[in-house]
Amino acid sequence: MTFENPSRDEIKELLRSAGNIAVVGLSDKPDRTSYMVSQAMQSRGYRIIPVNPRADEILGEKCYAKLADIPEPVDIVNVFRRSEYCGEVAKEAAEIKANVLWLQLGVVSDEAAQIGEEHGMTVIMDRCIKVEDSILLGKEQR
């Protein structure tokens, strides 16, 4: 399978229109990349929904053990898990009818991409959502 991320214009529009961002693998430790990226996105006005079975609350938001536990719609599923776990995350994202499956910088999974695309999700891999937001939206208000 040949995978290609959406164009920068498409990513910009996805970020502009994003409501809830579920972050799978969000750590409650402030020195972790997932925490720093999610905190920055939250400070930019994005609604962050933590998904971590080992925490009750992260960044002031209730934490959920899995995507299916989230009681509201999710626009983007942002994944901070190793590549070998992403296929399962993609299946869960499909079950909740997420619009976007976003695998963070360094995370690539052909299986997840195929599952996401088969279920009508836009798939982004090996890109940092915070970096893309900074480059594409800059100081633009959300």
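Both backbone and side-chain heavy atoms feed into the values below; hydrogens, waters and symmetry mates do not. Treat the numbers as computed from the prediction; the structure is a model and nothing was measured.
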Colleague: With clusters defined by side-chain heavy atoms of hydrophobic residues (ILVMFWY) lying less than 4.5 Å apart, directly or transitively, does W102 cluster with M36?
Modeller: no

Colleague: Is any side-chain heavy atom of I129 closer than 4.5 Å to a side-chain heavy atom of Y46?
Modeller: no

Colleague: Can you tell me which residue among V77, V100, N78 is in a side chain to side chain contact (heavy atoms under 4.5 Å, CB included) with I21?
Modeller: N78

Colleague: Hey, does the side chain of N52 reach the backbone of L26 with a donor-acceptor pair shorter than 3.5 angstrom?
Modeller: yes

Colleague: Do C63 and V51 make a side-chain contact, defined as non-hydrogen atoms from C-beta onward lying under 4.5 Å apart?
Modeller: no

Colleague: Looking at D126 and L105, would you say the former's side chain and the latter's main chain have a donor-acceptor pair under 3.5 Å?
Modeller: no

Colleague: Under a 4.0 Å threshold between the charged nitrogen and the carboxylate oxygen, would D133 count as salt-bridged to R44?
Modeller: yes

Colleague: Would you say N20's side chain and R47's backbone share a donor-acceptor pair under 3.5 angstrom?
Modeller: no

Colleague: Checking the side chain of E117 only, and the main-chain atoms of V123 only, is there a donor and an acceptor separated by less than 3.5 Å?
Modeller: no

Colleague: Out of L15, L14, N99, which residue meets the side chain to side chain contact (heavy atoms under 4.5 Å, CB included) rule with D75?
Modeller: N99

Colleague: Please examine the side chains of M41 and I48, heavy atoms only from C-beta on, and report whether any two atoms are closer than 4.5 Å.
Modeller: yes

Colleague: Tell me whether N5 contacts the main-chain N or O of M125 through its side chain, where contact means a donor paired with an acceptor under 3.5 Å.
Modeller: yes

Colleague: Please list all pairs meeting salt bridge (charged side-chain N to carboxylate O under 4.0 Å, His left out) that have one or both residues in residues 92-103, counting only residues at least two apart or in different chains.
Modeller: none

Colleague: Any Lys/Arg nitrogen of K12 or E132 sitting under 4.0 Å from an Asp/Glu carboxylate oxygen of the other?
Modeller: no

Colleague: Side chains of V107 and R81, heavy atoms from C-beta outward: is any pair under 4.5 Å?
Modeller: no

Colleague: Under a 4.5 Å cut-off applied to non-hydrogen side-chain atoms, are L67 and V24 in contact?
Modeller: yes

Colleague: Side chains of L59 and Y35: closer than 4.5 Å at any heavy-atom pair?
Modeller: yes

Colleague: Between E88 and K66, is the salt bridge (charged side-chain N to carboxylate O under 4.0 Å, His left out) condition met? List the steps.
Modeller: CA-CA 11 Å; E88 189 57 41; K66 55 186 189 260; over 6 Å; no

Colleague: Quick one: does Q104's side chain get under 4.5 Å of V79's, heavy atoms only?
Modeller: no

Colleague: With a 6.0 Å cut-off (strictly less than), is the heavy-atom count around CZ of R8, excluding the residue itself, greater than 12?
Modeller: yes

Colleague: Hey, does the side chain of S83 reach the backbone of S109 with a donor-acceptor pair shorter than 3.5 angstrom?
Modeller: no

Colleague: Please examine the side chains of L103 and V108, heavy atoms only from C-beta on, and report whether any two atoms are closer than 4.5 Å.
Modeller: no

